[in-house]
Amino acid sequence: MASFLFLSLLFSFLHFTSSIPSIGITYSSTVSPPPPPLPAKVSSLISALKITSVRLPDPDPSLIKAFAPTNTSLFLSISNSHLPALASNGSVALSWLRRHVLPFYPRSKISLISVGNTVLDSTTVQDFSPFLLPATRNLHHALQELGINKIQISATFSFFSTITTAFPPSSAVFQQPASDLIIKPLLQFLEQTNSAFLINIYPYNLFRLNSEIPIGFALFQDNPFNFRDDPVTGIRYFNLFAMMADAVLTAMAAMGYQNIPVVVAETGWPSGGSQAEEVEANGVYAEMYLKGLVRHLKSGAATPLKKDGVAEVYVYELMDHSGGRKWGILTENMTMKYNVEFSSGAKNSGICLVAIWFTNWLLITSMNLILGFIGIQG
């Protein structure tokens, strides 16, 4: 009986640790300082930083190959400009996979492919949204034709062009008309194929749009006034990231797809702004955000509404590049800007929990045996 109890708790601990979201990084090779670093140097650097997941918005085959000797999980993205061709012909999807996946998989641990990125953004010159669903389905069918069943296919959206509101999270729904035309059939596809919903969440951008948001609330700072209560659910939020994540989960649940996991494809805080008035875009705040984000995710409570609602989070991005905001955790010269430990430590924490429990179990069992022996002798 005691051994059965031990095994039950062992599995429960392992399940608990697996709910801690993994923390990855985005590496955009096309916007790296010219010339970009060699792919082998990039993969070695990311491994040295103990980052186990990488998102590649422009997945060059040489870069995918460079991660083959590592244990790094790869999240590939297909640019929006490829969607019309992918949607029109299944052979185009096969051709893309034969170039970017088939030569390297499974040595290169490709786990996820996003078909397009933020196709609903109103700032996009061309509307790629009509091609999103057929392109996604064609790529999925092409993977099946090649006998590859363990790579998820999804699409990435922006919080601001997809969700109606961040507060209160209980009021959030998907914006129309995309909600019925694109989001709902995509969620149905994701449920059928056991894939995740991908979304970019930037508290920095929401903070800049709403002057009522305290800077500490956006930066995960502990402060007596850094909270917001949802009047419907009664949930108290202590940071803006969790509030935005729960708004996404609420919108999905309103459509009946609350069991689909969510992957935050991009998040971060810039250390430099593209405009002079962006005073909050500085290195001090960026480090506070990243440290707070990692601490929040490692706590195992990515969202108050659903503890395992966020499966993965990708920080944007690995390196600064010339022009625009500075999002990188490294400078253009590849030197570290912040003292942040990105590895989730879920595996080690699980071992520690099991070891502690096992030690206590041995002590209790030994004590029971001793007491039983004394009772027999008496």
Side-chain angles (χ1 to χ4, degrees), residues 24 26-30 39 53-68 72-121 124-158 162 178 181-200 257 260-263 265-266 311-312 314:
T26 293
Y27 173 63
S28 305
S29 57
T30 57
S53 303
V54 177
R55 174 175 170 265
L56 302 176
D58 33 72
D60 184 87
S62 62
L63 188 59
I64 299 171
K65 182 180 179 180
F67 282 98
T72 307
S73 175
L74 299 182
F75 166 7
L76 312 183
S77 289
I78 300 176
S79 64
N80 293 344
S81 60
H82 286 84
L83 297 190
L86 285 170
S88 64
N89 197 329
S91 63
V92 177
L94 278 170
S95 177
W96 191 92
L97 292 172
R98 288 193 177 107
R99 173 171 165 78
H100 296 86
V101 175
L102 206 57
F104 319 111
Y105 181 84
R107 286 199 66 213
S108 294
K109 297 171 179 58
I110 303 167
S111 60
L112 177 61
I113 299 175
S114 172
V115 182
N117 185 37
T118 64
V119 296
L120 299 180
D121 281 10
T124 304
V125 177
Q126 182 179 351
D127 183 14
F128 293 102
S129 60
F131 308 105
L132 182 63
L133 288 169
T136 303
R137 293 191 180 105
N138 280 346
L139 200 69
H140 174 69
H141 293 323
L143 276 175
Q144 289 184 315
E145 187 173 331
L146 294 172
I148 300 174
N149 301 311
K150 294 185 178 180
I151 296 179
Q152 295 184 37
I153 302 295
S154 188
T156 304
F157 298 92
S158 166
T162 310
L181 297 177
I182 297 174
I183 302 295
K184 188 171 184 178
L186 178 69
L187 289 172
Q188 184 180 18
F189 167 83
L190 297 178
E191 185 178 61
Q192 292 170 347
T193 58
N194 295 317
S195 299
F197 183 74
L198 314 178
I199 192 157
N200 300 337
Y257 294 99
I260 296 176
V262 171
V263 169
E266 290 183 18
E312 296 178 277
Y314 289 83

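Pairs of residues two or more places apart, or lying in two chains, that qualify as side chain to side chain donor-acceptor pair (under 3.5 Å) and include a residue from residues 54-66 are Thr26-Arg55, Ser29-Asp58, Thr30-Asp58, Arg55-Glu266, Asp60-Ser62.
Residues meeting the ring pair (Phe, Tyr, Trp, His ring centres under 6.0 Å) test with His82, sequence neighbours left out: none.
With values rounded to the nearest 0.5 angstrom, Ser154 atom OG is found 8.5 Å from Leu187 atom CG. Atoms CZ and OG1, from Phe128 and Thr118 in turn, are 10.5 Å apart once rounded to the nearest 0.5 Å. Distance check, rounded to the nearest 0.5 Å: CD1 of Ile182 to OG of Ser129 gives 4.0 Å. To the nearest 0.5 Å, atom NE2 of residue His100 and atom CG of residue Leu74 are 12.5 Å apart. Within the model, atoms CG of Leu139 and CD1 of Ile113 stand 5.0 Å from one another, a figure rounded to the nearest 0.5 Å. Distance check: Ser114 OG to Leu56 CG gives 12.0 Å after rounding to the nearest 0.5 Å.
In terms of heavy-atom proximity, Gln152 sits nearest to Ser195 at OE1-CA, 3.1 Å. Lys150 approaches Tyr105 most closely through the heavy-atom pair CB-OH, 3.6 Å. Contact detail for Leu83 and Gly116: the closest heavy-atom pair is CD2-N, 4.0 Å. Val115 and Ala155 make their closest contact through O-CB, 3.6 Å (heavy atoms, listed as atom of the first residue, atom of the second, distance). Taking all atoms of both residues into account, the shortest heavy-atom contact from Thr156 to Ala265 is CG2-CB, 3.7 Å.
Using a 4.5 Å heavy-atom threshold, the side chains of Ile110 and Phe67 count as separate. In this structure, Phe75 and Ser53 have side chains that are not in contact, with every pair of non-hydrogen atoms separated by 4.5 Å or more. Within the 4.5 Å cutoff, the side chain of Thr193 has no heavy atoms near those of the Ile153 side chain. Here the side chains of Ser77 and Asn117 are not in contact, with every heavy-atom distance at 4.5 Å or above. Two residues are said to be in side-chain contact when any heavy atoms from C-beta on lie closer than 4.5 Å; Ile183 and Leu120 meet this criterion. Looking only at side-chain heavy atoms (C-beta outward), Leu76 and Ile151 stay at 4.5 Å or farther from each other. Within the 4.5 Å cutoff, no side-chain heavy atoms of Leu190 are placed close to those of Tyr257. The side-chain heavy atoms of Phe189 and His140, taken from C-beta on, include a pair separated by under 4.5 Å.
A distance-only check finds no donor-acceptor pair linking the side chain of Ser95 to the backbone of Ser91 [under 3.5 Å]. For Glu312 (side chain) and Gly24 (main-chain N/O), no donor-acceptor pair under 3.5 Å exists by modelled atom type. A donor-acceptor distance shorter than 3.5 angstrom exists from the side chain of Ser108 to the backbone of Ile64, with no hydrogens or angles considered.
Surrounding CD of Glu145 are at most 12 heavy atoms belonging to other residues, nucleotides or ligands under 6.0 Å away.
Ring geometry for Phe157 versus Phe197: interplanar angle under 30°, hence parallel rather than tilted (30 to 60°).
Evaluated for a side-chain contact (heavy atoms from CB on, under 4.5 Å) with Trp96, the options Asn138, Val101, Leu102 yield exactly one hit, Val101.
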- Item | Stepwise side chain to side chain contact (heavy atoms under 4.5 Å, CB included) test for Leu133 and Leu186 | CA-CA 7 Å; Leu133 288 169; Leu186 178 69; 3.8 Å; yes

